[in-house]
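Everything on this sheet refers to the single structure shown next.
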Amino acid sequence: MSNNELRDRYNPKDVEARLYKWWLERGYFGAQDKSTKPPFCIILPPPNVTGQLHIGHALNHTLQDTLTRWKRMSGFNALWLPGTDHAGIATQGVVERELAKEGQSRRELGREKFVVRVWEWKKKYGDRIIEQMKTLGDSCDWRRFVFTLDDGVSKAVRRVFVELYKKGLIYKGQRLINWSPKLESALSDLEVEHKEIKGTLYHIQYGPLVVATTRPETLLGDVAVAVHPDDERYAKLIGKTVPLPLTGRSIPVIADTYVDKEFGSGVVKITPAHDFNDYAVGTRHKLAMINILNRDGTLNENGGSYAGLKVQEARKRVVEDLKAQNLLVKEEPHTHYVGHDSRSGAVVEPLLSEQWFVKMESLARPARQVVENGTVTFEPEAWTKTYLHWLNNIQDWCISRQLWWGHRIPAWTCAKCNHVTVAEETPSQCEKCGSKDIEQENDVLDTWFSSALWPFSTMGWPNETEALKTFYPTDVLITGHDIIFFWVARMIMMGLEFRGDVPFRKVLITGLIRDAEGRKMSKSLGNVIDPVELIDEFGADSVRFTLLAQVSAGKDLKFSFPRLEGYRNFMNKIWNAARFSLQVLSEFEPPVDGVNALPKIENMCDADSWIVHKLGVCEAEVHKHIDGLHFSEAANTLYDFVWHEFCDWYLELIKPVVYGDRADEKAATQLVLAQTLNRIVRLLHPFVPFISEEIYGRLPIRGEEACVIDQYPNPRNDQNWLQIGRKERADELDLVIAVISAIRNIRGENRIKPSEELKVRLAPKDEGSQKILQANRAYVEKLAKLGECQISETGSLTKCALTPVVIQSYRVDVIVYLEGVVDLSEERKRIEKTIEKLQKEKGALEGRLSNENFVKNAPAEVVEQGRAQVNELSNKIQTLQDSLVRLG
RNA sequence: GCGAACGUAGCUCAGUGGUAGAGCGUUGCUUUCACACAGCAAAGGCCACAGGUUCAAUCCCUGUCGUUCGCACCA
C-alpha cells in the first residue's frame, strides 16, 4: 500500500489518545456542584478490581458515555460519576489464586500482609481499568472518582450499619446459612447457584422404615424421621422411635405436612443443621440441631468415626458401612439441583452458624412500591416482574463474610460482659460495662452492602453536600440484568431508607455480549473479546458504534467482526466525506455570524434545500431515539443519513455546483455544506467522540473550541437554520433523484458500462415537472452519466427503454435510447419483470378495494390513497406495455 | 414446577394495525478527480405454525412447536 492510499484512510491512532488528553486538560468532563443548568447524572456501576474490563463493560460504558455527552451538549450540567468496587469475595479469590501459584496461602501470610497484597493488586488493576475507560473515551468527571473502600464510603457504610442496627433492622443470630467450604465464608442466597447434578438417591433402612436421601453422610446429624400425618402406612409409627444406622442413637418419628407421600418411600430424614427444609421442620417441632461439619467442610466430632473426612469421602464410607450392615436397600440414579458457590464453584453446605443479617421486609416494601407506581421504571419493562417477584419472596440478607478484604463490621464484643457495641467511631471501651477489653468483629461485610449505598455515598453522604442536593436522585442507571437483585434492588431500598427518595428514575437493562456463534464468552472457550485489542485494531469510535448500532434493551448481542469492519468503514466514510467537504471549502470565507449564518434562499440549489430538510428530519429522529434510550435506532438513523443521504446524494449532487462557475450559487452551496457538516459532526459526537472532535477542529464554521462542549443540534435550537430547507423543494429534488435512479436502473439491468454516455429524453407530464427538470438538468446529466439529455414531451419512442416516474404530484417518463447501445432483449425482460411486479401490486389493491367492508370501515384517506394508487399503477402498466410494443 | 423473552432475506438483526427494512454475504458492472474500508445495479422473505379479534395482522389476543434466560427445598 502506498503512502498515497494511506492518506485517505482514517487512522484512529493519530487522533484518540491526543484528543482524550486534551479534553482532560481542558476539564470538559467536569460537572458543577452548583449550576444554573439543569442537572443530569449517571453513576457508573463500579467495575470490580478483579481484572480488566471486558466487552460487556465496553457496551455499558458506551451507552453511558453517549447519554452523558448528549446531555452535556444539550445544555445539562451532566455528571458521569466514576468509581471502582473492591468486590470482596471476587478480588480476594483472584489474589488467593495468585498466592497459590507462588505456593502460598492467605492463612500463612496472615491477615495484615494479605490485605497489603490485595491493595497491590487493586492498585494495578484499578489503574488499568481507568486506562481502559479513557481508551474508550469515557467522559466521566475523574475528580470525583471513588473506590468502595475510600474513607468517605467507609464512613457511609458505618453510618448505615449503625442506623440499621439501632432500628433493629440489622441483627446477629445463629441461623442456617449457605456456607462455602472453599472460601470458608457465609454466602447470601444470591451467591448460590443451583446446578443440575446427576447424583444418587440412596434408600436406607431405619428400623422398620426406609428413607431416601441424596446425602447419606448427613444421617449422622439426623434428629428425626418425618412422615405425612395422613399417611396410613406409617400412622402407627408416629411418636415411636427408630434406630439411626451407624450411630446407636434412636430418633423419633414425627408427622409433618412438608412430607410428600408420593415421593420415594414417603419418609424423610430430618437433619435440621444441614438442610433448609429440615431446619424449618426442626424449628416447628423444637428438635435438637446437630452440626456435623467444620468450617472447611470436613466432618467434626459429631461425625464419630467419620470425623476429619471431607463430605464426599464421608459419603463413600457411610455408604460402604451401610452396605456392610445390609442397611442400604437401594441405590438409584437421581438428577437434582445442588447449590454451588457462584465464585469458587464449590458445593455449598447449609450450615448452622452465627452471622449478621439485614431484615428485609420493611426495606423491601417501599422498594416494591416505587416500582409498582412507576417512580422507577425498567427498560425493558419485563424486568419489573422479575424485580417484584424477588422482593415479594425476599429472605433476610446475610451480610457477614468470613473474609479479609472489605469493610470490617463495626461491632465490638466485650470480653468481660459479652455485650456488643456497634458504633460509627471506633470505641475505646464497652458501652455497657466500660471494659477496655473489647474486640472488633473479624468478619467483613458483603461487598454489595457498600454497593447499595453507591448513589449517595459517592456524593459525600452522610454529609449533606451540594453534590447530593444537585445530583440525587440520579437519572438513569445502565446495568446488566445479572445484578438486579444484588445491586439495583438494594440501592433502591437504601436510597429510600436513607435519602427518602429513589436513587434513579430509570433502569436500562443491557444484555450479554456473546460471540458470533451466540455462545457466552469465557476463558475456557477462548472466545473472550478484549475491547482494548479491538480498539487497538479498529479504533474506539468503530467499536463504540458497532455496539451502539446493535444494542437493544435487554437483549443479548452477538458480536461479529464483519459488522465491526462495516462500522470501521463507516468511520472512514465520515472521514473522507469530511476531507472532500473541507477541500470544497478550502477557499470558503467563514461568515461573521458563524453558525447562525444563512444563505440567500434564492441562491440555494434544490440539493441544498433537500439536505437541510433531511438534516432536520434526522435531527428530530435522533433526538427522539436517544431520549427514549433507543441507541441503535439513533445510531442507524445517523448512519443512513450520513452515508446514504449526505454522501451518496448531497455530495454528489453539489459537484456540478461547486465545480461550476456560478459564484452566487456556489457560495450558497458552500455555506450550506459548511453548516451541514458542522451539524453532522455535532450529531455524531456522543456516538463517535474522537473522529467527530478531530473533524470539528478543522471546520471553517464552529461555535466552540471543542465539539464536546458545543450544542447538540435538534429541531428546537436549530430552527432558523432548518427553516431554509423547505419540504417542497426537497420533494422537487426527490423527483430528480427518482429520475436518476430510473436511468441507472436501466443502465444496470441492461449492463451498460458507466463509460458509455447515454442519450436520454425526459418527458414531463406537467408544468411543475418540466420546471424542476430544467433547473436540475446538470445533476441528471452528471449523476446518470448522460451524453445528451432532452427535456421534451414529444419525440421518438422506438427502440428505447422507458420508465414512468411518479413522485408526489410530479410525473415524468424517463426514456433511454438504446439503439446501437445494447441488444433489446434485456430491456424487454426488465420491462416484463416490472409489469409483473406492478400488476401483482395492483391486483392486491383492487382486491381490497372491491371488499365493501373495507370501503365502508377503513378511514377515508386509506381508501382514497388506495384508489389513487390503483390509478397510478394502471397508468404505469399501460405506459410500460406501450413501450414493450414499440421495442419491437 | 413457576415466570419471562425470543422465533422476520443465506447470516446477524431492526421495525410497523394497511402484505416488509438494514448491515454483512451473494451476483453483474465500474479503479470516474472524498472514500475499492468505494460507487452503481440486481437477486433473495406466504415476517415459526394453528386459531381468534378487525374492513385489514408480521404487528393485538389464545394455543402449539422450537430456542434462550431467570426463579424454585421435593428428600
Side-chain angles (χ1 to χ4, degrees), chain A residues 5 8-10 194 201-202 211-215 218 226 258-260 262-271 275-280 334 336-337 339 350 380 382-383 385-386 389-390 393 481-482 484-485 511-512 516 518 538 542 546 549-550 552 554-563 565-584 630 632-633 636 639-640 644 647-648 651-652 655 659 740-741 744-755 782-785 830 833 841 844-845 848 851-859 862-863 865-866:
Chain A
E5 278 171 295
D8 28 300
R9 289 276 165 90
Y10 170 60
H194 294 273
L201 193 59
Y202 300 91
V211 302
T213 179
T214 52
R215 302 172 59 200
T218 60
Y258 150 69
V259 181
D260 179 352
E262 310 305 321
F263 188 89
S265 58
V267 184
V268 185
K269 63 196 266 313
I270 301 297
T271 323
D275 183 283
F276 286 96
N277 293 308
D278 294 5
Y279 181 78
H334 180 69
H336 60 137
Y337 283 87
W383 290 107
K385 209 165 174 179
T386 308
H389 176 82
W390 186 68
N393 296 284
H481 57 74
D482 49 334
I484 290 179
F485 307 144
L512 225 58
F538 294 90
S542 307
T546 304
Q550 293 180 91
S552 190
K555 282 190 193 171
D556 288 354
L557 186 161
K558 283 182 201 166
F559 195 90
S560 80
F561 279 85
R563 199 74 186 248
E565 274 170 25
Y567 291 115
R568 187 265 325 265
N569 296 353
F570 180 48
M571 296 309 120
N572 200 49
K573 191 75 181 174
I574 294 170
W575 182 250
N576 277 294
R579 273 179 65 231
F580 173 71
S581 303
L582 293 173
Q583 185 189 308
V584 166
H630 299 138
S632 66
E633 287 167 59
N636 288 319
Y639 182 96
D640 263 1
H644 300 304
C647 293
D648 286 352
L651 291 184
E652 294 305 325
K655 279 175 183 174
Y659 295 143
I740 294 168
S741 299
R744 284 173 171 176
N745 176 268
I746 291 166
R747 191 191 276 279
E749 291 281 276
N750 285 290
R751 299 202 183 85
I752 303 167
K753 299 192 171 189
S755 52
K782 178 148 173 88
L783 272 64
K785 297 230 158 56
R830 186 190 73 91
K833 196 172 68 184
E841 218 175 301
L845 270 171
R848 213 191 301 171
N851 178 349
E852 53 182 274
N853 281 327
F854 170 70
V855 180
K856 205 165 58 191
N857 293 317
V862 173
V863 177
Q865 204 187 331

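- Among the nucleotides B:U30, B:C13, B:A34, the one closest to the side chain of A:K753 is B:U30.
- With P as the reference atom, B:A43 and B:U31 are 24 Å apart, rounded to whole Å.
- The interatomic distance linking A:I746 (CD1) with B:C40 (C1') rounds to 14 Å, in whole Å.
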Restricting both atoms to N or O, compile the protein contacts to nucleotides 41-45 of chain B shorter than 3.5 Å, with distance only.
| residue | atom | partner | partner atom | Å |
| --- | --- | --- | --- | --- |
| B:A41 | O3' | A:N745 | ND2 | 3.3 |
| B:A42 | OP1 | A:N745 | ND2 | 2.7 |

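- Nearest to the side-chain atoms of A:Q583 among the listed nucleotides B:A34, B:A75, B:U32 stands B:A34.
- Nucleic acid contact class of A:D648 (heavy atoms, under 4.0 Å, all strands): sugar-phosphate only.
- A:R9 has its CZ atom 8 Å from the C1' atom of B:A36, to the nearest Å.
- Here, B:C2 and B:C59 have their C1' atoms 28 Å apart, quoted to the whole Å.
- Applying the side chain to side chain donor-acceptor pair (under 3.5 Å) test between A:E749 and each of A:K833, A:R744, A:R830 identifies A:K833 as the sole match.
- The phosphate of B:G39 (OP1 or OP2) has a side-chain N or O of A:K573 nearer than 4.0 angstrom.
- Side-chain atoms of A:R568 and base atoms of B:C37 include a donor and an acceptor less than 3.5 Å apart.
- At a threshold of 4.0 angstrom between heavy atoms, the contacts of A:S552 are confined to the sugar-phosphate backbone, with no base atom among them.
- Residue-level contact check: A:V855 touches neither bases nor backbone, having no heavy atom under 4.0 Å from any strand.
- Between B:G44 and B:C35, the two C1' atoms lie 28 Å apart (nearest whole Å).
- Per the geometry, CG belonging to A:D8 stands 12 Å off P belonging to B:C33, to the nearest Å.
- Proximity note for A:E633 (side chain, C-beta onward) versus B:A14, B:G18, B:A75: the nearest is B:A14.
- Considering only heavy atoms from C-beta on, A:T546 comes within 4.5 Å of A:Q550 through its side chain.
- Using the Watson-Crick or G-U wobble rule with both distances under 3.5 Å, B:A42 pairs with B:U26.
- In this pair, A:F559 and A:F561 present their aromatic rings perpendicular. The plane angle is above 60°, beyond the 30 to 60° band.
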*Evaluate the side-chain contact (heavy atoms from CB on, under 4.5 Å) criterion for residues A:R747 and A:K785: first the C-alpha distance (whole Å), next the side-chain angles of each, then the deciding distance (0.1 Å), finally the verdict.*
CA-CA 10 Å; A:R747 191 191 276 279; A:K785 297 230 158 56; 3.3 Å; yes
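- The residue A:P859 sits close to a base: some heavy atom pair falls under 4.0 Å.
- A 4.5 Å side-chain heavy-atom check between A:L651 and A:F580 finds at least one atom pair inside the cut-off.
- Between A:K782 and A:E652 there is no salt bridge, since no side-chain N of the basic residue sits under 4.0 Å from a carboxylate O of the acidic one.
- Distances from the side chain of A:N851 to the nucleotides B:A75, B:C55, B:U12 place B:C55 closest.
- Using a 30° and 60° split on the angle between ring planes, A:W575 and A:Y10 fall in the tilted class, from 30° to 60°.
- Closest to the side chain of A:T213, from the set B:A75, B:C13, B:C35, is B:A75.
- Between the A:N572 side chain and the A:R568 main chain, no donor and acceptor come within less than 3.5 Å of each other.
- Here B:U53 presents its P atom at 14 Å from CG of A:N853, a figure rounded to the nearest Å.
- A gap of 14 Å separates the C1' atoms of B:G25 and B:A42, to the nearest Å.
- For the P atom pair drawn from B:A48 and B:G28, the interatomic distance equals 32 Å after rounding to whole Å.
- Listed nucleotides B:C6, B:A75, B:C35 differ in distance to A:K555; the shortest reach to its side chain belongs to B:C6.
- No side-chain N or O of A:K558 forms a donor-acceptor pair with one of A:S560 less than 3.5 Å apart.
- The aromatic ring centroids of A:F538 and A:Y567 lie 6.0 Å or more from each other.
- Residues A:I484 and A:W390 have side chains not in contact (no heavy-atom distance under 4.5 Å, counting atoms from C-beta outward).
- Counting heavy atoms from C-beta outward, A:V268 and A:F263 have side chains that stay 4.5 Å or more apart.
- Residues A:K269 and A:T218 form a side-chain contact, since some pair of their non-hydrogen atoms from C-beta on lies under 4.5 Å apart.
- Spacing between B:C60 and B:C74 at atom C1', rounded to whole Å, works out to 40 Å.
- Residues A:R848 and A:N851 bring no donor and acceptor atom of their side chains to less than 3.5 Å of each other.
- Judged by atom type and distance alone, A:Q550 does not reach the base of B:A22 through any side-chain donor-acceptor pair under 3.5 Å.
- A gap of 23 Å separates the C1' atoms of B:U53 and B:U8, to the nearest Å.
- Formation of a donor-acceptor pair under 3.5 Å by the A:D275 side chain with backbone atoms of A:P350 is not found in this model.
- Residue A:R830 contributes atom CZ, which lies 19 Å from atom P of B:C29 at whole-angstrom precision.
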Under 3.5 Å, N/O pairs linking protein and nucleotides 23-27 of chain B:
| residue | atom | partner | partner atom | Å |
| --- | --- | --- | --- | --- |
| B:G23 | OP1 | A:H644 | NE2 | 3.4 |

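- Nucleic acid contact class of A:N572 (heavy atoms, under 4.0 Å, all strands): base.
- Under the Watson-Crick and G-U wobble criteria, each requiring two contacts below 3.5 Å, nucleotide B:C69 is paired to B:G3.
- Take the nearest nucleotide of RNA chain B for A:Y659 and for A:S632: the residue whose nucleotide is more 5' is A:S632.
- The CG-P distance, from A:N576 to B:U32, rounds to 16 Å in whole Å.
- With C1' as the reference atom, B:U58 and B:C13 are 15 Å apart, rounded to whole Å.
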*Tell me, for nucleotides 66-74 of chain B in 5' to 3' order, what letter each nucleotide earns: B for a base near a protein heavy atom under 4.0 Å, S for only sugar-phosphate near one, - for neither?*
----SSBBB
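- In this entry the distance linking NZ of A:K655 with P of B:C35 reads 8 Å, nearest Å.
- Taking atom NZ of A:K856 as the reference point, atom C1' of B:U54 lies 14 Å away to the nearest angstrom.
- Pairing for B:G51 is with B:C61, a Watson-Crick or G-U wobble pair whose two hydrogen-bonding atom distances lie under 3.5 Å.
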